[in-house]
Amino acid sequence: MSFNDELVRRFEQMAQMLELTGANPFRVNAHARAARTIDDLTSDLGEIAGDAKALIAIPGIGKGIAEKIGEFAETGKIGEHLDLLAEVPAGLLRVLEVPGLGPKKVALLWKDLGVEDIDGLKRVIADGSILGLPRMGAKTVENLIASIAFMESSGQRLHLGIAAPIAEAIVERMESVKGVKRAAYAGSLRRGRETIGDIDVLITTGDPDGAREAFTTMPGMTEVLAKGESKSSVRLSLEGIDHARWGGDGAAAQVQVDLRIVPEASWGAALMYFSGSKEHNVRLRERAQKQGLTLNEYGLYPEDGEDEPPQKRGVKAKAGKTEEDIYAALGLAWVPPEIREDRGELDVEQTPRLIEAGDIRAELHAHTTASDGSMSLEELVAEAKARKFHTIAVTDHSKSSAQAGGLDETRLRAQRAQIEALRETTTGIEILCGCEVDILGDGSLDYDDGFLAELDVVVASPHVALSQEPKKATARLLKAIENPYVHVLGHPTGRLINRRKGLEPAMDEIIAAAVEHDVALEINAHWMRLDLRDTHVRAAVEAGAKIAIDCDDHAPGDFDNLVYGVLTGRRGWLTPELCVNTWTKAKLHKWLRSKHG
DNA sequence: CCGCTCCGGCGGCTAAGGCAGAAGCCTTA
């Protein structure tokens, strides 16, 4: 684990343990924020851990946290962290994750009943002693039992590529309900995060009862958690959705879906509020307050010091119907949802024009039946043409990837002959002969330079030795980037979301080398990969590195994953100019040829 | 604990729903 990740884990734990011991909430939050801040960094904190001034210069890290980072760098541990570990049972943090249980109740379970883990919780439920606690009745316990089952069956956040189609189907369904005027999904899904905790759907309707009824009786619905005036929550079974093969044992079996019925005049305010992120919203509300205003999910109102919310007193909102109106009233331009993460989006003069799916005109990473794809060469080309691309690169695996049917030099030359023949009869699209060459453990490539020089496009990717230590991984990837024939560094970390961490190179060094050697860094658009991840993209964009967004197609439907790669690019503030897939045919091919002297 | 602002001290978002317990707490988002 990298130095940064060691700290992230500790600060996250500290935040939770502090919460359980009843510490000052702002102190709790400071640790949670520090974890988030460090997780977003692309540079190695170990390099500056001794320099308190440099640490404090990072927003979100103050004197106290800086000291702890210094302590960890020197001694390999944080005293306060160890003290907390000694005080708070390890299994209790898991109890805190049970939906419906917050710090107060968990602390009570712990102090009064000696609950130290999930099993302990089950025990006090079974013997009924839990009912002796204040604010703990039969109904609460019943919900807890369902929550524990939910947690044990789902376990982790849902992949973007699984959640998005479900949310779209729900929105479509709600749109068809009588009386519903508008429907949209919000939440982290709208922001394009790589994983989703739950699905938020907003509607406006003239018939709230009908909408509520339609929502809580959707097919696949397993449980109704809430059914109130403006909010309903259900759990939906994911049975029949084929993602077990991607998600492994921990694949979610259910997902929570919230429906919010909002007034037409509050549509924009509600959409903003429920799109988040929470941190972005807090910044907006702080900003509103400085202007003598108050912002909530109903609109932007004048602050008048009253306790009762303004919408309940008939106060007229300054804005609320559209997101644009509200941002404008706060003196801001509309912020695309993907960058609402409190990563400086409110501090820039103007948000750059972010990349869009329609900008993409070329695919540089695709497989055929020659290695582990399911499409023939002809099918691949036809599919790319149907997507209106001007260029498709055929990049099957290299020989080391034997399990994927990787091609040796002889087979790849034969494929090139086949491609050249196909070009004769194909119009409207350029077919490039390339490869996805393995970056071996030591950073050498699976073909020698002389052979690579024969290819139109070279994508170099790590597939093996994905758990090597950070320093080795950095050296390995740097070596691949320095190879004069490499165009694209494919899925640079090799991670699989929720399943495999992948490499943890010093990403700032990788980015600097990519700029120097004119190599594009790939955002692999498959929702299982999505690396570079958003924060890496952001750092790459700031350094002026080229980015490739590729689908790594193995089957026709894989082209549809493009949207997820684009969302990740947008989260990293990627503009079209830096993305090689948006370039004109002439510009792209000129760049590709430049690697051949 | 952080950041702002004046260098030590203070303030740091907002609402709804559910439940338990009869007004308010806890949790979640």
Between D198(A) and K278(A), which is nearer to the 5' end of DNA chain B once each is assigned its nearest nucleotide? K278(A)
Expressed in whole Å, how much space separates the P atoms belonging to dC6(B) and dG11(B)? 14 Å
In the strands shown, is dA15(B) matched to any nucleotide by a Watson-Crick or G-U wobble pair with both distances under 3.5 Å, and which? dT28(B)
Let's see if you can work this out: which of dA15(B), dC19(B), dC26(B) has an atom nearest to the side-chain heavy atoms of K139(A)? dC19(B)
For L101(A) and N143(A), find the nucleotide of DNA chain B closest to each by heavy atoms; which residue's nucleotide sits nearer the 5' end? N143(A)
Checking contacts here: which listed nucleotide (dA29(B), dT27(B), dC19(B)) is nearest the side-chain heavy atoms of P103(A)? dT27(B)
May I ask you to list the residues of residues 19-31 of chain A, by number, that have any heavy atom positioned under 4.0 Å from an atom of DNA chain B? N24(A), F26(A), R27(A), A30(A), H31(A)
Could R538(A) and D40(A) be called an ion pair, given the rule that one side-chain N must be under 4.0 Å from one carboxylate O? no
Take atom C1' in dC26(B) and the same atom in dG21(B), then report the distance between them in whole Å. 14 Å
What's the OH-P distance between Y301(A) and dT14(B), to the nearest Å? 13 Å
Indicate yes or no: does R191(A) engage E345(A) in a salt bridge with an N to O separation below 4.0 Å. no
Choose from dC19(B), dA29(B), dG17(B) the nucleotide whose nearest atom is closest to any side-chain atom of S230(A). dG17(B)
Please determine if a side-chain N or O atom of K227(A) lies less than 4.0 Å away from the OP1 or OP2 oxygen of dA16(B). no
Roughly how many Å apart are dT14(B) and dG8(B), using the C1' atom of each and rounding to a whole number? 30 Å
Nearest-0.5 Å distance, CD of residue Q254(A) to OG1 of residue T222(A): 4.0 Å
N/O (side chain, Q311(A)) to phosphate O (OP1/OP2, dT14(B)) under 4.0 Å: no
Provide the distance between the two C1' atoms, one in dG12(B) and one in dT5(B), to the nearest whole Å. 14 Å
Say you pick atom P in dT27(B) and the same atom in dA20(B); how far apart are they, in whole Å? 13 Å
Among dT14(B), dC26(B), dC2(B), which is the nearest nucleotide to the side chain of Q289(A)? dT14(B)
Does dT28(B) have OP1 or OP2 sitting under 4.0 Å from an N or O in the side chain of Q256(A)? no
In whole Å, what separates the C1' atom of dA15(B) from that of dC10(B)? 26 Å
From the set dC1(B), dG3(B), dT14(B), return the single nucleotide nearest to any side-chain atom of R33(A). dG3(B)
Looking at E80(A) and R27(A), is there a salt bridge between them, counting it only when a charged N and a carboxylate O are closer than 4.0 Å? yes
Among dG24(B), dC1(B), dT14(B), which is the nearest nucleotide to the side chain of K68(A)? dC1(B)
Out of dC1(B), dA15(B), dT28(B), which has the shortest distance to the side chain of E297(A)? dA15(B)
Give the rounded distance in Å between these two atoms: CG of D258(A) and P of dG18(B). 11 Å
For L84(A) and dC1(B), what is the distance between atoms CG and C1' respectively, to the nearest whole Å? 14 Å
Charged N-O contact under 4.0 Å between K68(A) and E71(A): no
With a 4.0 Å cut-off on N to O distance, would you call R283(A) and E286(A) a salt bridge? yes
Ignoring the backbone of P309(A), work out which of dC26(B), dA16(B), dG3(B) is nearest its side chain. dA16(B)
Is the shortest side-chain N/O distance from T294(A) to OP1 or OP2 of dT14(B) below 4.0 Å? yes
Check the distance between dG18(B)'s C1' and R135(A)'s CZ and give it to me in whole angstrom. 10 Å
Without hydrogens or angle criteria, can the side chains of D127(A) and S129(A) be said to hold a donor-acceptor pair below 3.5 Å? yes
Distance only, no hydrogens: is a donor on one side chain within 3.5 Å (strictly under) of an acceptor on the other, for D258(A) and S233(A)? yes
T195(A)-R157(A) side chain donor-acceptor pair, cut-off 3.5 Å: yes
So if I take every side-chain heavy atom of K63(A) and compare against dC2(B), dC1(B), dT14(B), which nucleotide ends up nearest? dC2(B)
Side-chain N,O (Y298(A)) to OP1/OP2 (dT14(B)) below 4.0 Å: no
